[in-house]
Amino acid sequence: MTDTPLATTRVLFSDLHGNSHGKYLDSAKLDHPTHYAITVLTQGLNLDMVEAPGFGADVGYPDMEGRVDMRTRRLGWEPGIDIALVDLWRTDNHEPVALDPRWALSRQVDRWRARGLEPLAGFEMEFFVLAEPSDGKSRLTPLPVPSHRVYAAGPGCDPSGLAVEIYQRCRRAGIAVDGYNGEFHPGQVEVATGYRAAMDAADDAFLFRELAHEVALERGMGVTFMARPFADFVGNGMHLNISTAGTDGSNQFHSPDEPHGLSAVCRHAIAGLLAHHEALTAVGAPTVNSYKRLVPGMLSGYWANWGVDNRISTVRVPGERGRATRIEHRMADGTASPHLVLAALLAAMADGVEQSMTLPEPQVGDGDAAPNTDRHAPHDLPSALDALEQDQVLVEALGEDLVACFVKIKRAECARWATAVTDWEHQEYGRFF
């Protein structure tokens, strides 16, 4: 919370896409949730309403309340305005809204806490700086970076200065960001959020994406977290680093006397991630475009495997041990909902621990050339949605209503894609047929 509260607060919440909604409010009335009652909406990205029994037209589009989590209140990135995140509650029965990704994550955090473990997380978020904002009609234009270098800072990363401004505005708004650098292709930037309690980490990732878009727009520029926005460039990942702490703050994934220095809890957790690999794809790669990134050769989490400091594996265990012991899940892309994907990963990990799942041998060397498994991510979004629906463990963990609505929204998106006529089709066929 800010030392000197401002008169106006912008309250925000996430939809199932990970996009933000909210209101501007009188800061003196933040403890009156009915003041900002809002309608339960189940919309696709095209704003069409998707029928979700119990949440839509069949019940008259009921109200829900946004109750401020006062821990999240801080100075915003707009002049003179605070920001805060809200939890969503039904006004009719005073229960949490089942479609709230933040609520889904809180349940999984509580699941780990019941074992005496606190889940911790940090996000690595990639995006491309664009020369101009997207209007939803024209092709995206990456920012030219003549002196581009991988892992560059300064003009070799972003000669416009937008990336460093985003970084500075994050620090002003209390969004924990450890640093940023240029990534593989010109105009691509990676930002690492601070490693912290799982909910706080997801909140920061959610707010970061919103801030980045809005700061870019102020400059007459744009950014895109799209999974694979340019066919000749690599894609945008959203890698999640996760560990657990005990009641004394010690890292519960570290055990120097066990295989690879990893505790039984850590090994079971990784096994859970591998067991639910196909279903996790629907949440981590939630757009039709995601599957242009989620292929071999992109270091993107295609194979259902793990490795010790091996980036060609989906689950990478970095080389650090002690307090820094953690797993890095590399599948999710920049279009994933931070709250929802972290909830799904924690659920899969918890299942591995609760079932004492056996961890297979790690991938060694080039996992694309010689993978040690024949299991891999589905090749398209419809197949990934099938896998999610069939995974009863994840459906129960995330909530049947949430999964049903998520799947309906995404299947409607797939249907729109199936009937779309693309520029490629015009260029490929228009001259000859």
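Start at 1 with the first residue, then count along the sequence.
- With hydrogens and angles left out, the side-chain atoms of Ser20 and Glu210 include a donor and acceptor closer than 3.5 Å.
- In this structure the side chain of Tyr195 reaches within 4.5 angstrom of the side chain of Arg326, judged on heavy atoms.
- In this model, a donor atom of one side chain and an acceptor atom of the other lie less than 3.5 Å apart for Trp303 and Asp368.
- A donor-acceptor pair shorter than 3.5 Å cannot be found between the side chains of Gln168 and Arg171.
- Applying the 6.0 Å contact sphere to CD of Glu258 captures more than 12 heavy atoms from other residues, nucleotides or ligands.
- Taking 4.5 Å as the limit, every side-chain heavy atom of Pro96 sits out of range of all side-chain heavy atoms of Asp87.
- A donor atom on one side chain and an acceptor atom on the other are found under 3.5 Å apart for Asp333 and Ser290.
- Under a cut-off of 6.0 angstrom, the local environment of CD in Glu218 is crowded, with over 12 non-hydrogen atoms contributed by other residues, nucleotides or ligands.
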Worksheet item: Do Phe128 and Phe233 pass the ring-ring contact (aromatic ring centres under 6.0 Å, His included) test, and can you show the C-alpha distance, the side-chain angles, and the key distance before you say yes or no?
Response: CA-CA 10 Å; Phe128 279 93; Phe233 285 2; 5.8 Å; yes
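- Looking only at atom types and distance, the side chain of Tyr302 has a donor-acceptor partner in the side chain of His379 under 3.5 Å away.
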Item to complete: Might you work through the salt bridge (Lys or Arg N to Asp or Glu O under 4.0 Å) test for Arg74 and Asp82, ending with a clear yes or no?
Response: CA-CA 6 Å; Arg74 81 283 298 273; Asp82 283 348; over 6 Å; no
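- For the residue pair Thr422/Glu425, the side-chain donor-acceptor check at 3.5 Å is satisfied.
- Around atom CZ of Arg219, more than 12 heavy atoms belonging to other residues, nucleotides or ligands sit under 6.0 Å away.
- A salt bridge links Arg71 with Asp200: the closest approach of a Lys/Arg side-chain nitrogen to an acidic carboxylate oxygen falls below 4.0 angstrom.
- Side chains of His213 and Arg209 form a contact here, defined as non-hydrogen atoms less than 4.5 Å apart.
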